[in-house]
Amino acid sequence: SRNLSDITAMMFAHAPGEFIQQAVVPRYKNGGNAVFWLFQYALQPRDFAIAELGNDRQTAFNGRWLDGRQRAHIIILVVIHFLRGIWRKNELRLAKTQHINLAVEHLVQSLSSDTIYNQTRRNVNSLLGGYVGEYDTQQVQFNLRQDRYSDFGTANTGLLGYGLSFADSGRATASISNSYKAPTFNDLFYPGYANPDLQPERSQNREVGLHFKYNGQYIDAVYFDNHIRNLITHDAVTYIPYNVGQAQITGQELSYAGDFDTTGHLKASVTFQNPRDSTTGLVLLRRAKEFASVAVNTASLLEYRRSS
């Protein structure tokens, strides 16, 4: 077996709850190679310091040594692989054009307000994995994600995408996915304007598109079809949020982005959609059927948006 006592890892400072993806290639005393894969997140408002991981089973944290009794949570996953350079950050390269991404996240949402809320904190622990592969003119993407909410339980989401390049500058894409959205603290608990019985949104999404690029100019045309269960919307009079049992939003979006001169960037998009309550057939409240935006970035910024 190889001796891991010579590993020294740099743990970069970051904000509480922020996930750091950092691969460290350690040097062994016997000259071997492996990858030290760090999944790091902090639960306290302190910064990581440089840590030397030796035979001592403790970890340096903000210049001090911590044991399991203290409220610092660091997950360290060590993966040994004998092929030089196979890992890059949180990415495993299977081939030059194929790779797998893995990640762990910890999110803390907290609220501080003069207004009294029944709940002011939410924790979300997440596992993420994905595969991206390119096969000549074809591209494949597959993502999976699991989120464990402290107040709403477990949500599993994923995406399957396919792309086909053609004519040097064109690409056709198609994807299916599902998504999850938890209610906010205001939706659930703001006095007089909340609904503590709200359920999270869940949706099934389908999309096809054509994409073109030439000399720094990009044009995208997309058709989308989203089926949403428990859509969160607000009453037109009381503004109290409620769930729409079944909703569907279909539409098309056309967008352009491009650089001009040496300092300017133009971005524009227009969307036409049909947001409907699937049960009643009525248009969903506060959902525009048409909207557009134009943004110009130069030394000065001009942005125009319109919806109806």
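Computed from a predicted structure; not experimentally measured.
With sequence neighbours excluded, the residues forming a side-chain contact (heavy atoms from CB on, under 4.5 Å) with L144 are F142, listed by chain and number. For D147, the salt bridge (Lys or Arg N to Asp or Glu O under 4.0 Å) partners are R145, not counting sequence neighbours. Evaluation of the side-chain contact (heavy atoms from CB on, under 4.5 Å) rule for S177 yields L159, N205 as partners, not counting sequence neighbours. With sequence neighbours left out, H234 forms a side-chain contact (heavy atoms from CB on, under 4.5 Å) with D187, P241, R286. In terms of the side-chain contact (heavy atoms from CB on, under 4.5 Å) criterion, residue partners of Y223 (sequence neighbours excluded) are, by chain and number, V208, D225, T250, Q252.
Under the 6.0 Å cut-off for aromatic ring centres, Y190 and Y239 do not qualify, their centroids lying 6.0 Å or more apart.
Side-chain contact check for H211 and T173: at least one donor-acceptor pair (N or O, by modelled atom type) lies under 3.5 Å. Of the N and O atoms on the side chains of Q98 and Y135, at least one donor lies less than 3.5 Å from an acceptor on the other residue.
Looking at heavy atoms from C-beta onward, N230 lies out of side-chain contact with I232 at the 4.5 angstrom threshold.
In terms of heavy-atom proximity, P183 sits nearest to R122 at O-NH2, 2.8 Å.
Partner N125 forms a side-chain hydrogen bond (donor to acceptor under 3.5 Å, both in side chains) with one of R148, E105, H106 and no other, that one being H106.
Around the CZ atom of F212, the shell of radius 6.0 Å holds more than 12 heavy atoms that belong to other residues, nucleotides or ligands.
Residue pairs meeting the salt bridge (charged side-chain N to carboxylate O under 4.0 Å, His left out) criterion with at least one member in residues 264-280: none, sequence neighbours excluded.
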